[in-house]
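Remember, it's 1-based here, ligands and their atoms both numbered in the order they're listed.
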Amino acid sequence: MNMPVHNVPAGVMLALLEELAAFSAPGPGVTRLLYTPEWYRAQQFLQERWAGLGLKVRTDEVGNVYGTLTGSKVTDKVILTGSHIDTVVNGGRYDGAYGVAAAAAALHYLQVTFGQPLRSLEVVSFCEEEGSRFPLTFWGSGNVTGLYNGSERGSFADVDGVTLGAAMAACGLGGIETSGVGDIAATEGGREFTSSPARRDITAYIELHIEQGIILERNSQEIGVVQAIAGQRRYIVKIGGTANHAGTTPMGLRRDALAGSAEMLLALERSAVAEGDPLVATTGRLEVHPGTPNVIPGEVQFTLDIRHSEAGNLERFCSGILEEFAGIAGRRGLDLEVLPLLATAPAPMDKGMCAALEQICEKQGKSYRSMVSGAGHDAQLFAPLCPAAMIFVPSRGGISHSPDEYSSPEELAAGLEVLTSILYELAYTEN
Ligand code: HGY
Ligand code: MN
Ligand code: MN
């Protein structure tokens, strides 16, 4: 089949990326956390630019922004493409934003070049995926796919104690602060909020994203066709000891929550290394209370992020390490509380779309490889609901979640062309 999509101009995408990077809190890299002023301005900016690109724009009650190119034949279903607009703290300018900018540029190119599609195409800027501000992740796609039911808005708060519902209300969004979990109490405005029911009108989801790893660069390949996304377990672990005087408490009489945590984290690393690739385990955040030099730590709270591409191995590793934590706490006379935060199963991508992506790369003479994603992505929430696919482009040095995150304009443009090509096949041809 000839390739009607070629030489897709990257200018619109690169300009969007440049402008999005400016919506950040002060500091190195890009920091754009959910429901913060910089987050709000970025979503507002996208609505204006997408309207200017001829897309029909709307926002849902959690702040996901959509731009639709309505089809001539199929209008009650959409082919969805996009990614998340939020970032980690001091992150890069491509994680998430690239998939959002490229999707809008692809729809614009398709509309200008081929006119109205047969089937509706829709770009989405998901409000949140990282879990950087509130202790939950995939808040944007999770509200689209039914992972969340709205009751979370009163029960999750950021480090300053601002609840998800209050932060939403501060952005004028549908959520209003509620009382506890699962109990959607009437609010001061007397309005109940409704949780956004899972959408049933999405026939396929495609996400373009930077690899955030080193495999494509190491193998000098332009495109990654993702076969599966690793499953993820996230926990908050609370260790209870006894805060006491650092000078007068003999070592044998201590219940030191930080020393106990340190033994647990070394056990975590040792077990993960022994388990071997592709298992990874990380503690990204640890808080010590009271956190003063001359007081034995009475309480420690740390996060766990554990991933594997096989569900059984992930389950076995998690239960094993939590058992080991219980043994350490028991020996030290410490209290242990483990709060599960997230459990996403490994998600296979759609075989038909993977094959179509490989064929597109072949025809366009782009080097590519099939691969598993160690990073979590919105696409994994769509995989159980509709055909889902992901396309990667190289990350320089494999660096991501860092101000040094970088992909060249040529690499970004290659990904854009592959995305545009599969969207053309899905929306413009009688496939
Ligand atoms: O953590 C992840 O895998 C993704 O970048 N949110
Ligand atoms: Mn991402
Ligand atoms: Mn990320």
**Q** What I want to find out is whether Arg199 reaches Glu122 closely enough, with some N-O distance under 4.0 Å, to be called a salt bridge.
**A** yes

**Q** Which word best sums up how the rings of Phe114 and Tyr109 line up, parallel for under 30°, tilted for 30 to 60°, or perpendicular for over 60°?
**A** perpendicular

**Q** Are Glu222 and Arg369 close enough for a salt bridge, meaning some N to O gap below 4.0 Å?
**A** no

**Q** Taking the six-membered ring for Trp, are His209 and His377 parallel (under 30°), tilted (30 to 60°) or perpendicular (over 60°)?
**A** perpendicular

**Q** Considering only N or O atoms, set out every pair between ligand 1 and the protein closer than 3.5 Å, with distances to one decimal place.
**A**
unit_1: ligand 1; atom_1: 1 (O); unit_2: Arg234; atom_2: NH2; d: 3.4
unit_1: ligand 1; atom_1: 1 (O); unit_2: Arg307; atom_2: NH2; d: 2.8
unit_1: ligand 1; atom_1: 3 (O); unit_2: Arg307; atom_2: NH1; d: 2.5
unit_1: ligand 1; atom_1: 3 (O); unit_2: Arg307; atom_2: NH2; d: 3.2
unit_1: ligand 1; atom_1: 3 (O); unit_2: Gly376; atom_2: N; d: 2.7
unit_1: ligand 1; atom_1: 5 (O); unit_2: Glu130; atom_2: OE1; d: 3.4
unit_1: ligand 1; atom_1: 5 (O); unit_2: His401; atom_2: NE2; d: 3.0
unit_1: ligand 1; atom_1: 6 (N); unit_2: Glu129; atom_2: OE1; d: 3.0
unit_1: ligand 1; atom_1: 6 (N); unit_2: Glu129; atom_2: OE2; d: 2.9
unit_1: ligand 1; atom_1: 6 (N); unit_2: Glu130; atom_2: OE1; d: 2.9

**Q** Closest N/O/S atom of His84 to the Mn ion (ligand 2), by atom name?
**A** NE2

**Q** Using the six-membered ring wherever Trp is involved, compare the ring planes of Tyr428 and Tyr424 and label them parallel, tilted or perpendicular (cut-offs 30° and 60°).
**A** parallel

**Q** How close do Tyr235 and Ile306 get, counting heavy atoms only, and between which atoms?
**A** CE1-CD1, 4.4 Å

**Q** Between Arg332 and Glu263, does at least one N-O distance fall below 4.0 Å, as a salt bridge requires?
**A** yes

**Q** Out of Leu419, Val418, Val225, which one pairs with Ile360 under the side-chain contact (heavy atoms from CB on, under 4.5 Å) rule?
**A** Val418

**Q** Is any N, O or S atom of Glu129 under 2.8 Å away from the Mn ion (ligand 2)?
**A** no

**Q** Angle at the Mn ion (ligand 3), OD2 of Asp95 to NE2 of His401, rounded to 10 degrees, please.
**A** 90°

**Q** Measuring to the Mn ion (ligand 3), does Glu130 have an N/O/S atom at a distance below 2.8 Å?
**A** yes

